[in-house]
J.: 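Submitted below is the structure of interest, expressed as structure tokens.
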Amino acid sequence: MDVRLNSNLEWQTVANSTLTKKRSTAYGSTVALKSAMAASGAILVLYLIAHMYGNLKVFSGQAAFDGYAHSLREIGYPLLPESGFLWIFRIVLLASILIHIYAAVTLWARARRARPADQRYQVKKRVVRSYSSYTMRWGGVLIALFVIFHILHLTVNVIAPGGRSDSPYERLVNGFQPEFWYVTLFYVLAVIALGFHLRHGVWSGLATLGVNQARRQPVLNSIATGIALIVTVGFLIPPVAVTFGLVS
Amino acid sequence: MNITLRVWRQKGRDDEGRMVTYKLTDVSEDMSFLEMLDVLNEKLTLENEDPVAFDHDCREGICGACGVVIDGEAHGPEVTTTCQLHMRSFNDGDTITVEPWRAKAFPVVKDLVVDRGAFDRIIQAGGFISAPTGTAPDAHANPIPKPDADRAFDAATCIGCGACVAACPNASSMLFTAAKVTHLGMLPQGQPERASRVVKMINQQDEEDFGGCTNIGECAAVCPKGIPLDTISQLNRDLLGSLSKGIG
């Protein structure tokens, strides 16, 4: 009986040794999946903020923008090989994206199983559900498609509206000229979808990681709205400025 | 007042089920929603039809038996239990849609009655303390800070009605499980099993095919007992703590 007075951990160990050894699934539970989604999402949000900051350098002119892009390849050099840091960073981002998508798809499948198509309500009213939470899944798909296009366009430059270039600044300026309005439109739509995704995602991630308390709830929601707004506006400014001829 | 009711009728677990429309005249606005269903059932019985099966017990808002979805909201337009909802919340001439809770974990037994045994099994998995309590101790023998006692008590008011699952877009039972985890986690008697409790309850919840939480908040918005949404964050924190200690 004295075991019970010891720490939680020992109590657990003793209890397990006497009970059936059932293989536990808590590491693959919905909560664990959500946490993986929140943690990978946090990495992606931090990256987005850094990316947005870099984009705004376009207003400092071609030399500053291209110089900034080049400097990213030299981080850690000569300790790391050239572009070494960049590739480590890219692998971390890719891993985060894959974890994020895997968790999303798995949880989506579980939610569908929890209320199958033939058990839907005939009448369902939204009480507090926001538009941003409503669009999390399809918005996420749109963002994923955009990211693929975006990398092919501005990173790899395989898709090159307005002509290829070795200068990131020129790729940006060429790609968002008024005659390529559809490229700009897709960009704008994807960034707005991203804004909605972050509005619910940042709040939901913080709640999942256990930060939410009743009196903090308004603060967390304000943080989510703030990050969503800053990222949306910050990403919209450069291409729109190019389209309207403010950057050339 | 005169109303038109659209009620889900289903003969048994394997029956497909369908919505059936009934007209009721001279309904008093002082009737509770269940009394209105009683009137309907008297009428159906006199007409030699099968009365509508619905769960009910205390009819004073504390047992949690009488959950149905009314016009797309769990327990109807007021934040209370169905038995405490009165016909004055509706207008003369309204068409009211009544459906059972919809979740794979809550199979329909008949008409509006669902089997909520999944909740019992989540409680059996860990929603208790194993300490032999003996006779009631002196009230001041084990001082508990007032805010902790209040929070434990608020969480303990959960009546297990299942409205959280019914309202959740993912059919998740997180608010229910979180209420019990929070209730016991705030009190000294709940500490020895705190780390293992949350793991066992979440595993059982997943086992029952409830969905995952996406922090939308529909559950807390319809909860007749006002279980706060932040209990879910407390559960997440406890589970992540357990997993990081290797209890999974």
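In this text the structure is predicted, and so the values were computed from the model without any measurement. Within every chain, numbering begins at 1; the chains are lettered A, B, ... in the order of the sequence lines, protein sequences first and strands thereafter.
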J.: In terms of relative ring orientation, are A:Phe89 and A:Tyr47 parallel, tilted or perpendicular, with 30° and 60° separating the classes?
T.: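 Ring orientation of A:Phe89 relative to A:Tyr47: tilted.
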J.: Picking from A:Lys34, A:Gln213, A:Gln122, which has the most non-hydrogen pairs under 4.5 angstrom with chain B?
T.: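 Looking at each option in turn, the highest pair count goes to A:Gln122.
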J.: Using non-hydrogen atoms only, which part of A:Trp108 is less than 4.5 Å away from chain B: side chain, backbone, both, or neither?
T.: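 Neither part.
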J.: In terms of heavy-atom proximity below 4.5 Å to chain A, should B:Pro169 be classed as side chain, backbone, both, or neither?
T.: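 Both backbone and side chain of B:Pro169 come within 4.5 Å of chain A.
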J.: If we only count heavy atoms from C-beta on, is the B:Asn142 to B:Gln189 side-chain gap below 4.5 Å?
T.: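 In contact.
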J.: Which region of A:Leu33, side chain (C-beta onward) or backbone (N, CA, C, O), has a non-hydrogen atom less than 4.5 Å from a non-hydrogen atom of chain B, or is it both or neither?
T.: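 When you check distances to chain B, no heavy atom of A:Leu33 falls under 4.5 Å.
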J.: Determine whether A:Phe235 and A:His51 satisfy the following criterion, ring pair (Phe, Tyr, Trp, His ring centres under 6.0 Å), listing intermediate values before the conclusion.
T.: CA-CA 9 Å; A:Phe235 274 116; A:His51 184 1; 5.2 Å; yes
J.: Report the distance from atom OH of A:Tyr131 to atom CZ of A:Arg199, rounding to the nearest 0.5 Å.
T.: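 A:Tyr131 atom OH to A:Arg199 atom CZ measures 14.5 Å (nearest 0.5 Å).
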J.: Between B:Asp230, B:Val222, B:Thr214, which has the largest tally of heavy atom pairs under 4.5 Å with chain A?
T.: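 Option with the greatest count: B:Asp230.
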J.: Does any heavy atom of chain A fall under 4.5 Å from the side chain of B:Ile202, the backbone, both, or neither of them?
T.: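 Contact with chain A involves the side chain of B:Ile202 alone.
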J.: Shorter than 4.5 Å, heavy atoms on both sides: which option in B:Asn170, B:Leu243, B:Asp209 has the most such pairs with chain A?
T.: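 The option with the most such pairs is B:Leu243.
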J.: For chain A, which candidate among B:Arg102, B:Lys104, B:Arg237 shows the most heavy-atom pairs at distances under 4.5 Å?
T.: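 Most pairs with chain A among the choices: B:Arg102.
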J.: So for A:Gln119, is it side chain, backbone, both, or neither that comes closer than 4.5 Å to the heavy atoms of chain B?
T.: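 Both the backbone and the side chain of A:Gln119 come within 4.5 Å of chain B.
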J.: Given that the side chain runs from C-beta out, which part of B:Thr97 has a heavy atom under 4.5 Å from chain A: side chain, backbone, both or neither?
T.: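 For B:Thr97, the contact with chain A is made by the side chain alone.
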J.: Quick one: which of A:Ala32, A:Ala111, A:Ser130 has the most heavy-atom pairs under 4.5 Å with chain B, could you say?
T.: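 Ranked by contacts with chain B, first place is A:Ala111.
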J.: Do you know the tightest heavy-atom contact between A:Leu209 and A:Ala38?
T.: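 Taking A:Leu209 first and A:Ala38 second, the nearest heavy atoms are CG-CB, 3.8 Å.
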J.: Looking only at heavy atoms and a cut-off of under 4.5 Å, which of A:Arg115, A:Lys125, A:Met136 has the most pairs with chain B?
T.: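 Most heavy-atom pairs under 4.5 Å with chain B: A:Arg115.
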J.: Considering only heavy atoms, which portion of B:Ala220 lies under 4.5 Å from any heavy atom of chain A: side chain, backbone, both, or neither?
T.: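 Neither part.
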J.: For B:Leu235, which atoms come within 4.5 Å of any heavy atom of chain A: side chain, backbone, both, or neither?
T.: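 Only the side chain of B:Leu235 comes within 4.5 Å of chain A.
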J.: Checking A:Arg137 against chain B: side chain, backbone, both or neither under 4.5 Å from a heavy atom?
T.: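 Just the side chain, heavy atoms under 4.5 Å.
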J.: Under 3.5 Å, which donor-acceptor pairs do the side chains of residues 105-114 of chain B form with other protein atoms, sequence neighbours left out?
T.:
| unit_1 | atom_1 | unit_2 | atom_2 | d |
| --- | --- | --- | --- | --- |
| B:Lys110 | NZ | B:Asp50 | OD2 | 3.0 |
| B:Asp111 | OD1 | B:Arg9 | NE | 3.2 |
| B:Asp111 | OD1 | B:Gln10 | N | 2.9 |
| B:Asp111 | OD2 | B:Arg9 | NE | 3.4 |
| B:Asp111 | OD2 | B:Arg9 | NH2 | 3.2 |
| B:Asp111 | OD2 | B:Ala53 | N | 2.9 |

J.: Is chain A contacted by the side chain of B:Glu218, its backbone, both, or neither, given a heavy-atom distance below 4.5 Å?
T.: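 The answer is both parts of B:Glu218.
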J.: Look at the rings of A:Phe176 and A:Tyr187 and say which category their plane angle falls in: under 30° parallel, 30 to 60° tilted, over 60° perpendicular.
T.: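 Ring orientation, 0 to 90° scale: perpendicular.
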J.: For B:Leu239, is it the side chain, the backbone, both, or neither that has a heavy atom closer than 4.5 Å to a heavy atom of chain A?
T.: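 B:Leu239 touches chain A through side-chain heavy atoms alone.
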J.: Taking every non-hydrogen pair under 4.5 Å, which of A:Met37, A:His200, A:Gln217, A:Arg112 racks up the most with chain B?
T.: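 Of the options given, most contacts go to A:His200.
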J.: Could you check which of A:Arg120, A:Arg126, A:Arg216 has the highest count of heavy-atom pairs closer than 4.5 Å to chain B?
T.: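 Ranked by contacts with chain B, first place is A:Arg126.
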